[in-house]
Amino acid sequence: MTTPDQPPHRSGFAALVGRPNAGKTTLTNALVGEKVGIVSNRPQTTRHAIRGVVHKPGGQIVLVDTPGLHKPKSLLGKRLNDVVRDTLSDVDVIVFCIPADQPVGTGDQFIARQLREVKAPIVVVVTKTDVASKKQVAEQLVAASQLVEAAEVVPLSAVSGDQVGLLENLLIGLLPEGPPLYPEEQTTDEDVERQIAELVREAALEKVRQEVPHSLAVTVEEIVRRPDPKKAGSELVEVHALLHVERNSQKPMLLGKGGQIIKAIGSEARAGMETLLGARVHLELHVTVLGEWQDDPKKLNRLGY
Ligand SMILES: Nc1nc2c(ncn2[C@@H]2O[C@H](COP(=O)(O)OP(=O)(O)OP(=O)(O)O)[C@@H](O)[C@H]2O)c(=O)[nH]1
Ligand SMILES: [Mg+2]
């Protein structure tokens with residue numbers, strides 16, 4: 001119920017779009033206050049639309065983090081762009097992310113053109129202000145405003161948190177009146193299996209040579225939960241995951257000398273899983289070759305893309 005001195009509750013969907021590496025997922029995680037999506041300095045880290053829910057007394061924002069829009073070089077790339085386009089037609093607000101530390105370029109113009117057909121209001125966010133000079137940020141704000149007709153332009157840093165709260169209030173103000181769409185305790189609709197697979201991919205992305213990240217996909221083959229023999233009343237979760245690469249030559253790049261790299265991937269991913277599950281995790285990783293899967297519709301379907 002609303003009273004005259006209490007503004008109405010608002011709720012709806014806000015899609016984050018921008019070129020690969022713009023900081024969309026980092027911003028999503030900062031707004032939600034929890035890790036809902038994986039982050040890396042490699043482009044095309046995010047490969048599906050991820051919902052993250054922001055709960056505030058005055059409103060609820062359902063963020064939809066999307067893959068970076070780019071000129072596709074493979075069937076996977078085309079599918080990723082389709083995920084973004086499907087999302088755009090169905091949200092109340094668009095958050096167009098443009099990094100402060102990189103010049104506005106053809107990639108941003110390509111996205112701006114896609115946004116011309118969208119009816120929802122656009123908030124332009126200049127991201128990563130913590131690593132840009134004041135002058136750079138000011139210039140970027142001007143360049144960004146010229147790209148699209150924006151309802152608002154906000155410079156912020158998801159890493160330092162500067163202006164993130166301001167964006168949150170602004171987004172709530174742009175949503176329609178309505179009750180919460182998700183229950184208070186829910187922060188994402190990602191299922192545990194996918195989150196586990198993503199943690200493995202995240203741990204791998206920055207540990208391998210440049211060519212591997214694009215060719216890497218992770219599937220979870222089995223999750224077994226049993227009582228933890230070392231801790232009464234707790235669970236021990238056994239996870240079997242497969243890391244798929246496209247070529248035989250990429251296998252040793254992922255394994256490393258004496259298995260060093262895969263070991264490091266395993267221990268980082270396991271730590272993330274233990275935080276996620278609140279239980280001890282035993283993680284088994286295997287590397288396998290799935291030839292040229294990025295351009296094979298059947299293989300893409302099998303991998304969930
Ligand atoms: N310094 C700084 N780095 C940031 C900030 N936001 C993101 N980054 C870094 O930028 C890189 C890309 O961040 P992501 O959040 O994965 O970018 P994304 O737009 O989701 O990328 P894709 O999923 O590939 O489209 C990572 O190395 C982040 O740590 C920020 O506010 N400040
Ligand atoms: Mg991302």
Side-chain angles (χ1 to χ4, degrees), residues 14-52 63-74 76-85 87-88 94-105 107-108 110-111 114-115 123-134 136-137 140-141 144 154-168 188 190 194-195 197-199 201-208 210 212-218 268 272 294 305:
L16 287 97
V17 297
R19 59 187 210 231
N21 236 350
K24 300 175 290 297
T25 305
T26 308
L27 179 57
T28 302
N29 292 343
L31 283 163
V32 174
E34 231 175 71
K35 176 170 179 159
V36 296
I38 63 164
V39 165
S40 87
N41 65 12
R42 299 295 170 87
Q44 282 155 55
T45 299
T46 304
R47 288 184 181 158
H48 64 287
I50 302 172
R51 286 186 185 180
L63 297 168
V64 188
D65 177 25
T66 65
L69 258 181
H70 62 289
K71 245 201 190 119
K73 292 196 195 84
S74 64
L76 171 68
K78 283 202 194 80
R79 288 197 178 179
L80 296 186
N81 281 359
D82 288 344
V83 168
V84 187
R85 289 198 190 101
T87 305
L88 289 181
I94 310 274
V95 181
F96 181 9
C97 298
I98 299 171
D101 63 338
Q102 301 280 322
V104 166
D108 303 300
F110 172 71
I111 297 166
Q114 318 274 325
L115 293 180
V123 175
V124 170
V125 166
V126 170
T127 59
K128 311 191 190 183
T129 53
D130 60 299
V131 285
S133 66
K134 278 207 174 109
Q136 241 179 331
V137 174
Q140 203 69 331
L141 288 171
V154 183
L156 59 73
S157 165
V159 165
S160 78
D162 187 37
Q163 300 246 93
V164 172
L166 183 137
L167 174 67
E168 193 172 84
T188 183
E190 288 289 282
R194 178 136 74 173
Q195 283 180 295
E198 287 287 81
L199 286 171
R201 199 161 60 85
E202 181 180 51
L205 284 176
E206 289 184 21
K207 291 186 181 60
V208 292
Q210 203 76 36
V212 184
H214 279 291
S215 289
L216 178 66
V218 178
E268 187 182 311
Q294 278 191 69
Y305 297 130

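Whatever order the structure lists ligands and atoms in, that order sets their numbers, starting from 1. It should be emphasised that the depicted structure is a prediction, and the values quoted were computed from it without experimental measurement.
The heavy atom nearest to atom 28 (C) of ligand 1, out of those in V39, N41, L16, is found in V39.
Residue G23 approaches ligand 1 through these ligand atoms, each under 4.0 Å from one of its heavy atoms: 7 (C), 13 (O), 14 (P), 15 (O), 17 (O), 18 (P), 19 (O). For ligand 1, the atoms closer than 4.0 angstrom to any heavy atom of S40 are 11 (C), 12 (C), 13 (O), 16 (O), 26 (C), 27 (O). Residue contact check: G68 has heavy atoms under 4.0 Å from atoms 25 (O) of ligand 1. With ligand atoms numbered from 1 in the order given, ligand 1 contributes 2 (C), 3 (N), 4 (C), 5 (C), 30 (C), 31 (O), 32 (N) to contacts under 4.0 Å with heavy atoms of V159. Interface atoms of ligand 1 facing Q44, defined by a heavy-atom separation under 4.0 Å, are 24 (O). Close contacts between ligand 1 and S157 involve ligand atoms 31 (O) [criterion: under 4.0 Å to a heavy atom]. The distance from ligand 1 to the heavy atoms of T26 drops below 4.0 Å at these ligand atoms: 6 (N), 7 (C), 13 (O), 14 (P), 15 (O), 28 (C). Counting atoms of ligand 1 from 1 in the listed order, those under 4.0 Å from a heavy atom of V131 are 1 (N).
At a cut-off of 2.8 Å, T46 is counted among the residues with an N, O or S atom near the Mg ion (ligand 2). At a cut-off of 2.8 Å, T66 is not counted among the residues with an N, O or S atom near the Mg ion (ligand 2).
Ranking the protein heavy atoms by distance from atom 11 (C) of ligand 1 puts N21 OD1, 3.3 Å first. For atom 31 (O) of ligand 1, the closest heavy atom belonging to the protein is A158 N, 3.1 Å. Closest to atom 25 (O) of ligand 1, if we only count protein heavy atoms, is K24 NZ, 2.9 Å. Nearest to atom 10 (O) of ligand 1 among the protein's heavy atoms is K128 NZ, 2.9 Å.
Side-chain contact check for L16 versus C97: some heavy-atom pair is nearer than 4.5 Å. Contact of the V131 side chain with the V159 side chain is not registered, since no non-hydrogen atoms from C-beta on lie closer than 4.5 Å. Looking at heavy atoms from C-beta onward, L141 lies in side-chain contact with P155 at the 4.5 angstrom threshold. At least one side-chain heavy atom of L167 sits less than 4.5 Å from a side-chain heavy atom of L31. For the pair H48 and V83, the minimum side-chain heavy-atom distance is 4.5 Å or more. Considering only heavy atoms from C-beta on, H214 stays 4.5 Å or farther from K73 through its side chain. Using a 4.5 Å heavy-atom cutoff, the side chains of V218 and E198 are not in contact.
In terms of polar-atom proximity, defined here as any N/O pair under 3.5 Å, T25 does make such a contact with ligand 1. Residue A22 has at least one N or O atom closer than 3.5 Å to an N or O atom of ligand 1.
Between G18 and ligand 1 there is no heavy-atom distance shorter than 4.0 Å.
Residues A132 and V137 come closest through the heavy atom pair CB-CG2, 3.9 Å. Heavy atoms only, all atoms of each residue included: I38 and T46 are closest at O-OG1, 4.2 Å. The nearest pair of heavy atoms linking V154 to Q163 is CG1-NE2, 4.2 Å. For the residue pair Q140 and I98, the shortest heavy atom distance occurs at NE2-CG2, 3.8 Å.
A donor-acceptor pair under 3.5 Å is formed between the side chain of N29 and the backbone N or O of V36.
Counting heavy atoms closer than 4.0 Å to ligand 1, residue D130 contributes side-chain atoms (C-beta onward) but none from N, CA, C or O.
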